[in-house]
**Q** 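Before anything else, here's the structure in question.
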Amino acid sequence: MTLDRPLQSFPGIGPAKAKALQKLGLTAAGDLLGYYPRAYEDRTQIYPITSAPTEEAGCVCALVAETPRVSRVRAGLTLTKCRIVDGSGAAEVTFFNQDYVRRALVVGESYIFYGRMELLGRKRQLTNPVFEREDRARFTGRIMPVYPLTAGVSNNLLASLALQSVEGCADQVPDELPPAVREKHQLCTAEFACRNVHFPADQEALAVARRRLVFEELFTLSCGMAFLRRRRTDAQGRAFPKRRLDEFLALLPFPPTGAQRRAMEEISADLAQPRPMNRLIQGDVGSGKTAVAAFAAWLAHAGGFQSALMAPTEILARQHYETLTKLLAPAGVRVGLLTGGMRAAEKKAAQAALAAGEYDLMVGTHALLSEGAVYQNLGLVITDEQHRFGVGQRSALASKAEVPPHVLVMSATPIPRTLALLIYGDLDVTVIDELPPGRTAVETFLVGEDKRARMYNFVRKQVSEGRQVYMICPAVEEGAQDGEGEPPGLLPNPAAELKAVTAYAKELSEAVFPDLRVAFVHGKLKPKDKSLVMSAFAHGEIDILVSTTVVEVGVDVPNANLMVIENAERFGLSQLHQLRGRVGRGKWQSYCVLVSANRSPETRERLKYFTQTTDGFKIAEKDLELRGPGDFFGQRQHGLPTLRAADLAGDTRVLKEAQEAANELLETDPELDWPGHRPLMGKVRRLFAEEGDIFN
Ligand SMILES: Nc1ncnc2c1ncn2[C@@H]1O[C@H](COP(=O)(O)OP(=O)(O)OP(=O)(O)O)[C@@H](O)[C@H]1O
């Protein structure tokens, strides 16, 4: 067998199965070898029947003592039963709706059964166990892989295909790690790793195999990231002439905080160097990162350079556009807007003006990366992100400049240092650790259904005082499973009646607040409609905005001082923090009300913690602790390529080792073009393939 043997040529794989497998990205034997189990079932230990564990599944090896009997319990339900015996005693095995068992189990033959033994009085019973003839056992008596599945593909099918592939061609898996790296870090061979990640000889072999694969993946990732970074930082950029900070501060409607001023000074020093800046501004929600970005764009403009600011959502891009226009137009900075949601004619006009050099600062979404966006003398690239942009997108924007531009990244999410290093490279970090003055902490309450009427009264009171209110729900339509920005890993609780935006807005405007101006917004609206609603809210034309988490990122309406979050238990802590950050941005005392009928002690503890804490870093830590790293870094929130073996948060020690090894290797062979390193470069390209062709 060779690695490219099509799965369709395996026994028992017809067109339908092949199609289902393709959904998992599996078309050939080699694909299967690279499709790693997500967990394992330890089926090594074989117990005597009388001491088989009753708490968890285990294997017994026993003789079939009688011909299995099939009985029809009722229409659609049959039972197949028989007795099995070993030296220690006997048990009964029972199968539901598996009539084939009658022929599959032969009296007098020995089988291995895997399942959980139940004790019914003095009787022992196994229900629906997995079984195999002892002399042909493949999936019992060993550590069994558990694969990620899809409809039409069972774990047994994948395990059987994987076993055939491992036996047929594990020895052909190319070893793409340079031998010197493998030896230095004491890693096993590719073949050993392949065999043991699928069918581990024992737990130790599994650990050895896994370490190699995790290392290999993180090493490849680090090589790619270092490669990209070095290309940028080695390059000559352009220095911007220094300007007096006071000139810019005169444009601001407020004096800067100490932290903002420090950030501006650091940026100003960076931009005066010909080496391209690579700086991350990390500041809690509402800390005033926009003014800092505006400063950088102002400096670029003063030096004769164009800037681009890319935001993760349409709403945010429009908001930045408005704020920055207000702020910078008086200084002669021409601000343009380019988003995917614009009408075709509008977009065309914006692109033409951009290409003609009529804008000094272009604000937008991914549309800034489109072919039609042509820049003139692009000197500064700012991304405002919640780690939502991929590596490819970030470098695509930078590559629109003729000379490597200065790069500024703004983020409100605290991330561990090792990970920041990997994502952003050798960046300089500025922390804005001070909120604008006069902010009072947002008072946060947790209420149950019984306080709904009081909560509505409170909403009414704020509106009567001229304020505005956000009411957040987790889903778009009644019964919908996910509102956008759904916290990864939080499973929907089917019992909880989810407040759905459209239905809730209707109820509020018709029954609860018929005299108030209620509107709604969610991610599934057309961009144009979304921005109409948002801009009406920003201009005070709407009292109550019912919304999904689309307002989560960066929306800034200082007059809004109350946020009600329905089904609060459905949101992760970091997400709640982002949401709450939408209020408390003006001079009024602000409030956040979490509504939750969920009585589970964990949920109450989590939400209670949130009502007592306003520090974003503490909340992120707690979130990590409660939800686990997998969720925090799940769903490509980090913007890195998808990893198969490694867990970025869990494998930090290997990550560090792999990073160092990558840097060391690139010092000796910066382009990875020595013949021995070419397979590795191929691997780097494959890992980053989903980001587009970024290594050319
Ligand atoms: N020094 C300051 N003094 C008073 N108000 C300020 C100051 N800096 C910023 N603001 C105001 O505070 C609000 C929040 O600022 P901004 O939108 O820049 O926050 P942010 O850091 O981008 O937050 P988020 O992460 O939530 O997007 C804005 O209304 C802004 O005008």
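Just so it is clear, the values below take in all heavy atoms, side chains as well, and ignore hydrogens, waters and symmetry mates. Whatever order the structure lists them in is the order used to number ligands and atoms, beginning at 1.
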**Q** Could you check whether Glu266 pairs with Arg279 (Lys NZ or Arg NE/NH1/NH2 to Asp/Glu carboxylate O, under 4.0 Å)?
**A**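 Judged by the 4.0 Å cut-off on N to carboxylate O distance, Glu266 and Arg279 do form a salt bridge.
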**Q** Does Arg582 reach ligand 1, in the sense of a heavy atom lying below 4.0 Å from it?
**A**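 Within the 4.0 Å threshold, so yes.
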**Q** Using the salt bridge (Lys or Arg N to Asp or Glu O under 4.0 Å) rule, take Lys461 and Glu465 through it: C-alpha gap first, then chi angles, then the decisive distance, then the call.
**A** CA-CA 6 Å; Lys461 176 162 174 280; Glu465 286 170 13; 3.7 Å; yes
**Q** Which of the numbered atoms in ligand 1 are under 4.0 angstrom from any heavy atom belonging to Thr290?
**A**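 Every atom of ligand 1 under 4.0 Å from some heavy atom of Thr290: 16 (P), 17 (O), 18 (O), 22 (O).
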**Q** Record the part of Gln260 in heavy-atom contact with ligand 1 below 4.0 Å; permitted values are side chain, backbone, both and neither.
**A**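 It is the side chain that touches ligand 1; the backbone stays farther off.
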**Q** At a 4.0 Å threshold, what atoms of ligand 1 neighbour a non-hydrogen atom of Asp556?
**A**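 Listed by number with element, the hits are 13 (C), 28 (C), 29 (O).
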**Q** In plain terms, say whether Glu322 and Lys326 are close enough for a salt bridge, that is, a side-chain N and a carboxylate O under 4.0 Å apart.
**A**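 So Glu322 does not pair with Lys326 through a salt bridge.
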**Q** In ligand 1, which numbered atoms sit nearer than 4.0 Å to a non-hydrogen atom of Pro256?
**A**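 Result: 1 (N).
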**Q** Checking contacts here: is it the side chain or the backbone of Thr257 that comes within 4.0 Å of ligand 1, counting heavy atoms only? Could be both or neither.
**A**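 The part of Thr257 near ligand 1 is both the backbone and the side chain.
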**Q** Answer yes or no for Ser287: is there a heavy-atom contact with ligand 1 below 4.0 Å?
**A**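 Within the 4.0 Å threshold, so yes.
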**Q** Within the structure, does Gly283 bring an N/O atom to less than 3.5 angstrom of an N/O atom in ligand 1?
**A**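 No, there is no polar N/O contact under 3.5 Å.
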**Q** Could you go through Arg318 and Glu314, starting from their C-alpha distance and side-chain angles, then the distance that decides it, and tell me whether this counts as salt bridge (Lys or Arg N to Asp or Glu O under 4.0 Å)?
**A** CA-CA 6 Å; Arg318 284 184 186 268; Glu314 183 96 16; 3.6 Å; yes
**Q** So is Gly288 polar-close to ligand 1, meaning N/O to N/O under 3.5 Å?
**A**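 Looking only at distances, the answer is yes, because the N/O contact criterion of under 3.5 Å is met.
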**Q** Is the distance between the ring centroids of Phe305 and His406 under 6.0 Å?
**A**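 No, the ring centres sit 6.0 Å or more apart.
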**Q** Any ion pair linking Glu566 and Arg452 (charged N to carboxylate O, less than 4.0 Å)?
**A**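 Yes.
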**Q** With under 30° as parallel and over 60° as perpendicular, where do the rings of Phe458 and Phe445 fit, or are they tilted in between?
**A**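 Ring orientation of Phe458 relative to Phe445: perpendicular.
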**Q** Is there any N or O on Gly581 that sits under 3.5 Å from an N or O of ligand 1?
**A**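 No - when backbone and side-chain N and O of Gly581 are compared with those of ligand 1, no distance drops under 3.5 Å.
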**Q** Are Pro253 and ligand 1 in contact, using a heavy-atom cut-off of under 4.0 Å?
**A**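 Checking ligand 1 against Pro253, which is what was asked, there is no heavy-atom contact under 4.0 Å.
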**Q** Dump the intermediate steps for ring-ring contact (aromatic ring centres under 6.0 Å, His included) on Tyr470 and Phe537, then the final yes or no.
**A** CA-CA 10 Å; Tyr470 294 101; Phe537 188 65; 5.1 Å; yes
